[in-house]
Every structure is written in structure tokens, then in C-alpha cells.
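Note that this is a predicted model, so its numbers are computed, not measured. Atoms within a ligand are numbered from 1 in the order they appear, just like the ligands themselves. The figures here come from the full heavy-atom set of this structure, side chains too, leaving out hydrogens, waters and symmetry mates.
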Amino acid sequence: MQAIEVKSGVHWVGAIDWDVRDFHGYLTELGSTYNAFLVRDTKTVLFDTVKKGFFDDLIHHISQVTNPGDIDYIVVNHVEMDHTGVLPEVIDLVRPEKVFCSANGKKALLAHHEGVDWPLEVVANGDKLELGDRSVQFLETKMLHWPDSMMSFIAEQNLLISQDGFGQHWATSERYDDEVEPGELYYQARKYYANIILPYSNFIQKLLQTVKESGISIDMIAPDHGLIWRRDVAKIIDCYDQWSRQVTCSKAVIVYDTMWDSTRKMAKAVAEGIQKQGVAVKLMNLQSVHRSDVVTELQDSRALVVGSPTLNNGLMPRVADVLTYLKGLRPAGKVGAAFGSYGWGGEAVKLVNAGLTEMNVELLHDGLRVNYVPTEADLAQCVELGEKIGSAVNNQSACEIHGQSAAR
Ligand code: FEO
């Protein structure tokens with residue numbers, strides 16, 4: 001691939017990972033990119049590096065712009081290994097004058113790279129680094145996505161280098177938002193938000209407030225993953241505002257697994273009841289749907305309904321998996337219910353209820369259990385449960401948050 005000049009004197013020099021499909025439990029069905037940016041001024045600065053295994057790509061791209069040995073400074077906006085995996089090799093090659101990071105960044109770098117003697121220079125929120133014609137202002141963004149995280153703002157070019165924030169996992173030869181299909185772009189941005197940023201939504205609200213109050217003008221957001229925002233800067237900021245406020249719409253997600261089809265029959269009947277109330281419903285069978293797509297669908301859904309048969313006095317493994325994953329991502333403001341079939345013990349529904357309660361989901365029902373195979377009367381009860389859920393959420397607005405919901 002080629003280095004791309006994204007602003008005058010600012011080049012994308014990162015790497016494209018066409019192959020990655022699992023990003024700590026997140027299905028990256030379209031791969032990803034590890035973006036790095038090279039700014040050439042009186043001082044030459046590299047912002048972030050790439051994941052281990054992509055050193056040659058990074059150096060190849062830098063070399064298209066300048067001699068890697070000309071790099072004076074490296075800025076580490078975020079220490080997670082997809083951005084610093086090759087940092088030791090880069091520092092060995094470049095021998096930079098300084099490596100800038102946050103105070104937490106220094107701790108994390110030394111924890112990941114024991115015994116190194118790098119010229120680390122800690123910067124704090126609001127610190128400015130003069131490069132020549134440009135300057136960099138550092139913006140601490142703790143927990144977006146790790147405690148060390150910060151962003152770099154180049155005011156003279158209205159450019160925000162935003163590390164994980166505003167990213168998407170999508171390997172493309174295109175580099176800009178206006179060069180790709182918008183439905184896929186917003187789906188991937190939403191999926192990324194739901195799977196990476198969601199637990200830190202309060203921090204996003206604070207960041208957006210800080211940006212608003214500071215009056216800084218941004219006309220390009222360059223994240224460390226995926227496409228660079230140059231056409232839709234205001235729109236993606238607005239999406240982040242909505243997503244971080246966890247705005248929901250008139251929609252329910254039913255996520256379930258099934259053993260001998262009984263719980264699937266129940267799921268379909270619950271969906272019918274929800275639909276009867278004029279509410280959009282997504283049926284997600286965990287045998288064919290990945291946990292990271294469940295949380296993406298759930299993000300704007302008001303209701304979460306979970307079904308599991310009882311297996312060995314417990315949950316079906318995929319249901320336990322998705323409950324653990326969802327709990328960690330802390331979706332807020334949901335109502336829900338549990339259902340499932342059983343043969344003798346019937347513990348699964350109680351366990352799902354416990355999982356939903358731990359997630360602060362407001363339960364609308366004690367949980368619906370069916371022995372072995374649902375009868376017509378049982379299915380009618382499932383429809384009733386669906387109607388109850390539907391009537392509880394049909395006071396929400398229609399699902400039209402920028403139309404992204406319709407992307408898939
Ligand atoms: Fe892209 Fe939190 O690393």
C-alpha cells in the first residue's frame with residue numbers, strides 16, 4: 001500500500017490488517033487498520049505505531065515520505081498493543097529525541113516493555129508541543145479506551161488524531177469516510193462503539209462537552225482504526241453524542257440458544273407478541289449470531305429478552321457467554337425478560353434473570369418456563385409475554401438514529 005497525505009505535511013503511514021477476525025472477543029468480519037500518522041514540520045513526529053507483525057508495513061510507508069531516522073518525536077496516544085506492539089523496534093530504528101505519553105501511558109509502557117530506557121516525556125491535559133509551523137495540543141481522554149489514552153489536536157490544521165475514539169474495524173484501501181458505502185461505515189462505527197467504547201459513555205459525554213466549551217474547530221478526525229472522517233465530522237460527533245447518551249428506540253432484541261427447538265419456538269412466539277405492539281424486533285439465535293453483533297443491535301434497543309433451555313442445571317454455554325460479555329459492556333436503560341424450555345430442573349430462566357438483574361435490566365416478568373415442548377397454550381403465553389414487552393417499549397421513538405439501524 002501507499003502512504004497517503006491526509007493534510008498538508010501530514011501522512012497516513014499505518015498498516016492494513018485484512019486478516020484479523022477476532023479482536024479480544026469482537027468479531028472483526030471486515031478486518032481492521034492500525035493507523036499511524038507522520039507530521040513533517042521543523043520537527044518530524046510519528047503519532048502512534050502499529051500491532052506486532054506490521055513493522056515492515058509501517059516502515060515501508062514512512063520511507064515513502066521520509067527517512068525513518070529523521071523522526072524526532074514519537075507520540076504514544078494509547079498503549080494497547082495494537083498501537084505499540086512494534087514500538088520497541090521503531091525506537092531501536094529511529095532513536096527519537098523524545099517519546100511523549102500521558103502519566104498513565106508511561107506506567108503502562110514500562111509495564112509492557114520491562115527494563116527499557118526510552119526518552120519518555122510525560123505530558124498533561126492541555127500541554128502544547130511546538131513543532132515549527134504547527135503545534136500539538138494534548139487532550140487527556142482517560143478510559144477512552146484505557147487509563148493512558150489521550151488525543152492529539154493540531155489546531156493550525158483543525159486535525160484531531162483521536163486514537164481509538166471514532167474508529168471502526170474495517171480493512172480498506174480507501175482512507176476517508178466519503179470514499180466508502182455510508183451504511184457499512186456507520187454500522188461499523190456503531191459496532192465499534194458498542195463493543196469498545198460503550199462502558200465509557202460518561203467519558204464521551206465529558207469529552208464532547210470539553211470540545212464544545214473549548215470552541216476548538218475540527219474538520220478532520222483521524223482515528224487509529226478504519227476510515228478518517230473528513231466529510232461527516234459533525235455527523236459522527238452527533239452519533240457519539242446519541243450513542244453515549246444511550247438513546248433507545250422502539251425495538252426489542254431477543255437473543256437465545258435452543259437445544260431441541262422448543263426455546264426457538266418460544267422465541268418466535270415472543271417476537272410475534274412484540275411485533276403485534278408495533279415494535280421492531282430482532283431475533284438473534286446464538287448458533288448463527290456473534291456476541292459482538294448482539295451488543296451492536298442492542299445498543300439502540302429498549303428491550304433485551306433472553307432465552308435459554310436448561311442444560312445440566314445451568315445455562316446453554318453460548319447464553320452464559322453473551323450474558324458475561326453484555327454485563328462487561330454495561331448497556332443502560334433496558335427492560336427485559338427471560339424464557340426457556342426445560343426437562344426437569346429448569347434453572348436456566350432463574351439464571352438468566354440473575355444475569356439481567358446484574359446488568360440493571362428492569363424485569364417485566366418473572367420468567368417464562370415451558371416443560372419439554374411448548375403446547376399451543378404455552379405459545380399463547382409467549383405471545384402474551386411479547387405483547388407485554390412491546391407495550392412497555394412502544395412509547396419510544398422509531399429507530400431512525402441516522403438510519404444506521406437499517407444498515408444490516
Ligand atoms: Fe486500538 Fe484500545 O486499542
Side-chain angles (χ1 to χ4, degrees), residues 12-37 46-55 57-58 61 74-88 90 99-113 138-152 160-172 175 177 185 188-204 206-207 221-229 236 240 243-244 292 295-296 325 328-330:
W12 174 90
V13 291
I16 301 174
D17 188 345
W18 300 95
D19 300 331
V20 65
R21 291 294 180 270
D22 185 311
F23 198 95
H24 50 54
Y26 168 166
L27 174 69
T28 50
E29 68 274 16
L30 300 179
S32 192
T33 71
Y34 313 114
N35 297 337
F37 299 94
L46 178 64
F47 290 82
D48 297 320
T49 67
V50 295
K51 189 175 165 183
K52 208 168 182 58
F54 293 88
F55 174 76
D57 289 349
L58 176 71
H61 294 142
I74 296 174
V75 171
V76 177
N77 279 320
H78 180 24
V79 176
E80 192 165 8
M81 297 297 268
D82 48 332
H83 309 296
T84 64
V86 304
L87 189 61
V90 173
V99 176
F100 295 93
C101 59
S102 67
N104 283 329
K106 182 174 179 179
K107 279 188 215 162
L109 281 172
L110 295 176
H112 282 81
H113 306 284
F138 298 105
L139 203 55
E140 262 190 337
T141 53
K142 280 179 190 170
M143 299 319 300
L144 301 174
H145 153 236
W146 275 11
D148 60 86
S149 292
M150 62 181 193
M151 298 184 182
S152 299
L160 181 68
I161 298 174
S162 61
Q163 48 95 24
D164 275 352
F166 306 99
Q168 333 91 45
H169 285 308
W170 191 3
T172 58
R175 296 274 64 81
D177 57 345
L185 174 67
Q188 292 300 335
R190 187 159 73 100
K191 180 170 183 177
Y192 184 96
Y193 188 94
N195 284 275
I196 303 278
I197 309 287
L198 184 63
Y200 312 114
S201 289
N202 289 344
F203 293 89
I204 288 290
K206 280 184 199 150
L207 173 67
I221 299 178
D224 276 0
H225 297 289
L227 286 303
I228 295 166
W229 303 93
I236 190 62
Y240 262 57
W243 296 340
S244 57
S292 53
V295 71
T296 310
Y325 191 68
L329 291 169
R330 302 202 288 274

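Side-chain atoms of Asp164 and His78 include a donor-acceptor pair closer than 3.5 Å. For Thr49 and Tyr34, the side-chain atoms include no donor-acceptor pair closer than 3.5 Å. Checking Asn35 against Thr33 by side-chain atom types alone, a donor-acceptor pair falls below 3.5 Å.
Ring centroids of His225 and Trp170 are separated by 6.0 Å or more, keeping the two rings apart.
Take the N/O/S atoms of Glu80: the one nearest atom 2 (Fe) of ligand 1 is OE1.
Atom 1 (Fe) of ligand 1 has no N, O or S atom of His145 under 2.8 Å away, backbone or side chain. Asp164 lies close to atom 2 (Fe) of ligand 1, since one of its N, O or S atoms is found at a distance under 2.8 Å. In summary, no N, O or S atom of Asp82 is located under 2.8 Å from atom 2 (Fe) of ligand 1.
Judged by distance alone, with hydrogens and angles left aside, the side-chain atoms of Ser32 form no donor-acceptor pair with the main-chain N or O of Ala171 at under 3.5 Å.
Of the angles at atom 1 (Fe) of ligand 1, the one spanning NE2 of His83 and NE2 of His225 is 90° when given to 10°.
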